[in-house]
Amino acid sequence: MVHHHRHHPQQQRSKYDEEAAEALAYMDCANLCKKSRPRFLRILFIFSMVSCSLVFAPRLFSHGALPFLYSFSEEDLDDGFSATRTSLNMCSSIKNGTICCNRSSIRSDICFMKGDIRTSSFSSSIILYSGENSSSIVEEEHRIRPYTRKWEPHVMKTIDEISLIKTGEGSVESSKLSCEIEHRVPLIVFSTGGYTGNVYHEFNDGIFPLYITAQKFKGEVVVAMVEYHDWWIMKYGDILSKITNYPAIDFSGDRRTHCFPEAIVGLQIHDELTVNSTFMEDHKSIADFRALLDQAMKMGLKYFGYKILARESSLYNEYERESPVLKDPDSITRKGWEETKRVYLDGQNVRLEMQRFRKRLLKAYTHAVARRKRRGSRER
Ligand SMILES: *[C@@H]1O[C@H](CO)[C@@H](O)[C@H](O)[C@H]1NC(C)=O
Ligand SMILES: *[C@@H]1O[C@H](CO)[C@@H](O)[C@H](O)[C@H]1NC(C)=O
Ligand SMILES: *[C@@H]1O[C@H](CO)[C@@H](O)[C@H](O)[C@H]1NC(C)=O
Ligand SMILES: *[C@@H]1O[C@H](CO)[C@@H](O)[C@H](O)[C@H]1NC(C)=O
């Protein structure tokens, strides 16, 4: 696939998808090239299965591929939102001393807090001191799982739930936590759990929404993760450093009390692999996001596809050679996501033939080296 250098905000979806796919391909290469983690093969396998392959998706992220992305079910919708003591109807512009949760999106909940905010990770909570001398311990409590796949209850169950508590200062039980680290900028909390480990999801469920939620702060924001992984920081540190000027916090692992004037728990998400400028406060678009990735990764993005052959799949030995599973994957994917997932994701292992795969690796490596040389000679 050719690599596009020019970007227009008005481009069609498929172009965004291509760019996103390139970004993902890059990440896989980064994994391989650095040989930093044994996990890379697994990621690569998943990625190969989903993207390149054999079987079902004609092209990763092309229209209609990966039907699970659109599998919302009505009963998962929760269209109420709770705002407290605020006459403004936008959660993002609440008054000091308030918490406002917006649960109207089918993809993610997001809560905003403003005032005297202190983290209490041992109790998985974030406390807002209202400054009122109330005798009640808790004036208000909101619970949220800060992950962007709200419509998938089974994965949401694996995400840590955080309690957002508004409390007075009068009672003994709520004796105020003392600040160990005082921050002057807002906090954003999100999860790097769930499907993190699969590159598609790392971007779709994490990096895109983080950009959407955080970029308006222009780096003046602290991020904290639940289900924190060091490897995630290694892998995405360069991108993260374009989004925040401060070190990331392991929300559950860091037991110190961090204090903030403002907090956002959960992330905003627009659509699959989308930054829709209509909904961005400063009208940033996918092109701006792409530019950020380019800056963060210097190494430029290029997509190298790898199609596995039937014989690289475990399904090869499980099904008749003439089976539609091997011969006509489209006929399986037409049966819907459940069937596709059962056959090709849950039921399949992929064993790459290194002789074949080597060619792709060489190509990627040569590309990376050539790029570096070109850059080097330009800089000299
Ligand atoms: C809640 O979020 C939606 C977007 O998901 C937005 O349109 C709406 O204005 C928000 N409501 C509040 C109260 O912030
Ligand atoms: C916001 O409220 C907190 C107490 O809840 C107070 O300490 C702080 O000074 C207030 N900030 C502003 C800007 O009013
Ligand atoms: C808070 O209220 C308690 C009684 O509920 C009272 O004894 C105490 O003096 C009050 N503290 C302040 C700072 O007003
Ligand atoms: C952005 O959202 C608006 C309103 O939902 C929609 O009409 C438009 O097509 C979206 N644009 C992109 C680039 O997705």
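Just so you know, these numbers use all the heavy atoms, side chains as well, and skip hydrogens, waters and symmetry mates. As the structure lists them, so they are numbered: ligands from 1, and atoms in each ligand from 1.
Side-chain contact between I264 and F217 is present, with heavy atoms from C-beta onward closer than 4.5 Å. Contact check for Y246 versus V223: no side-chain heavy atoms found under the 4.5 Å cut-off.
Short contacts between ligand 1 and S104, defined as distances under 4.0 Å to a heavy atom of the residue, involve ligand atoms 1 (C), 2 (O), 3 (C). Residue contact check: F279 has heavy atoms under 4.0 Å from atoms 2 (O), 4 (C), 5 (O) of ligand 4. Within ligand 1, counting atoms from 1 as listed, the ones closer than 4.0 Å to a heavy atom of C91 are 12 (C), 13 (C), 14 (O). Residue-ligand proximity, T278 to ligand 4, at heavy-atom distances under 4.0 Å covers atoms 1 (C).
Between the side chains of D288 and S285, a donor-acceptor pair is found at a separation under 3.5 Å.
Under the salt bridge (charged side-chain N to carboxylate O under 4.0 Å, His left out) test applied with D109, the options K150, R149, R143 reduce to a single match, K150.
No N or O atom of T274 sits closer than 3.5 Å to an N or O atom of ligand 4. For ligand 1, one of its N or O atoms has an N or O atom of N102 under 3.5 Å away.
In this structure, R360 is not positioned above the aromatic face of Y365 in the sense of NZ or CZ being under 6.0 Å from the six-membered ring centre and within 45° of the axis.
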